[in-house]
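Reading through the structure tokens given below for one structure.
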Protein chains: 2
Amino acid sequence: MTNYNCTNCDSQITSNEQAMLVLEKAGVRATAPRIILLCLLHCKGTPCHMTAEKLYEKSIIADSKVSLATVYNTLRTFTAAGILREVNTDSSRVYFDTNVSDHHHFYNERTGELADINENLLQGIKLPPLPAGSKLQSIDLMIRIRS
Amino acid sequence: MTNYNCTNCDSQITSNEQAMLVLEKAGVRATAPRIILLCLLHCKGTPCHMTAEKLYEKSIIADSKVSLATVYNTLRTFTAAGILREVNTDSSRVYFDTNVSDHHHFYNERTGELADINENLLQGIKLPPLPAGSKLQSIDLMIRIRS
DNA sequence: ATACCTGCAAAGTCTTTGCAATCAA
DNA sequence: TTGATTGCAAAGACTTTGCAGGTAT
């Protein structure tokens, strides 16, 4: 199979073999489109917050076009598998974050830029009791700014 | 002008006159559709988290139909004027919250339910420095749950 | 008088889906 | 082999917009 790596990858995922391992470990079948997209998501030049459309364009530029529908489906699959995290800002677009560890975000309402906050601001805060019969999924903290 | 109040209003906004005052104070022109919608938003039976579609239906039921486009536009106008707050959950819908004071939310990812958390969990947390040249707009904390 | 607002229908944006062909295990 | 996956185009959900007529100040 052709090598779908972006030539510009950082240390995270630098080969198809590595991508296949990540996919396998996450329990999703390693198909060509998924390997392409995973590599593109972890390229050095790729911001960790991507939209479907941007990733689609990236695949075209990389000469490894994956259909837009598949990009959408794959992003959902990756999110369900835990190798991406969905970030909601203002309903006009969904971002997918390659950083799946606990962290928060700055969101610039004017530019649409999203930036990670890696320090855990919520250490030591006391959560209110959850509604009866519900279980915690995640805690999202977003600091909205304007420039 | 006909009285557009929901018969079921709680103490917040119980008359058109009161609605007009709120609108005027917020700096938005008091028009019939806006008075209708403001009253409906502050009805006793109305949850404080509403979508455009739900509010539209409510206006039809109340026999004071406001066009869907106007509902959308009015919700945006109210938000810009500070008498509503936008809450983003999962990109499929936008909620508008009649509670504009500082508070947080539970969001049930399965049911789509949104609930207020009125205690301020963020008292005493230390914010990271904002990106250069930006100013704080708001801090959103959402606790995602599933039942 | 004048700038703003409304309703309607049409258009727009982002995302999902149906289906036949293709692929991984 | 067999169920999962892909691409395409079409459909879908939610929201915004253009415009002619109406309204608040």
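Just so it is clear: chains get the letters A, B, ... in the order the sequence lines come, proteins before strands, and each one is counted from 1. This one's a predicted model, so the numbers in the text were calculated from it and none came from an experiment.
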note: Asn73(B), atom CG; dC8(C), atom P; distance rounded to Å ~ 13 Å
Per side chain to side chain donor-acceptor pair (under 3.5 Å), His103(A) is matched among Asn120(A), Asp116(A), Asn118(A) by Asp116(A)
Fill in: Pairwise side-chain contact, Asp90(A) with Glu109(A), heavy-atom cut-off 4.5 Å (strictly under)
no
Of dA4(D), dG7(D), dT15(D), the nucleotide closest to the side chain of Arg29(A) is dA4(D)
Practice task
Check the surroundings of atom CD in Glu57(A): do more than 12 heavy atoms from other residues, nucleotides or ligands lie under 6.0 Å from it?
Solution key: yes
- Message: What's Ser92(A) touching, base or sugar-phosphate or nothing? Going by heavy atoms closer than 4.0 Å.
- Response: sugar-phosphate
Separation of dC14(C) atom C1' from Asn88(A) atom CG, nearest Å, is 13 Å
- Looking at Thr31(A), does any N or O in its side chain come under 4.0 Å of the phosphate oxygens OP1/OP2 on dA4(D)? no
To the nearest angstrom, the CD-P distance between Glu53(A) and dT13(C) comes to 10 Å
Leu23(A) atom CG is separated from dA24(C) atom P, nearest whole Å, by 13 Å
Whole-Å distance, Lys54(A) NZ to dT15(C) P, equals 12 Å
Taking dT6(C), dT15(C), dT15(D) as options, the one with an atom nearest any side-chain atom of Leu68(B) is dT15(D)
**Study point:** Contact under 4.0 Å: Thr70(B) side-chain N or O vs dT6(C) OP1/OP2
**Key:** no
Here the gap from Arg146(A) atom CZ to Leu136(B) atom CG, rounded to the nearest 0.5 Å, amounts to 12.0 Å
Query - Crowding at CD, Gln137(A) (>12 non-hydrogen neighbours, <6.0 Å) - result: yes
From CG of Leu55(B) across to P of dC14(D) the rounded distance in Å is 15 Å
Atom CZ of Arg76(B) and atom C1' of dC14(D) are separated, to the nearest Å, by 11 Å
Query raised in the report: Would you say Tyr72(A) reaches dT16(C)'s phosphate, i.e. side-chain N/O to OP1/OP2 under 4.0 Å?
Result: no
By nearest-nucleotide position on DNA chain C, the 5'-leaning member of Val28(B) and Ala69(B) is Val28(B)
Ile35(A) CD1 to dT5(D) P, in whole Å, measures 13 Å
Among dG7(C), dT6(D), dT15(C), the one nearest any side-chain atom of Arg34(A) is dT6(D)
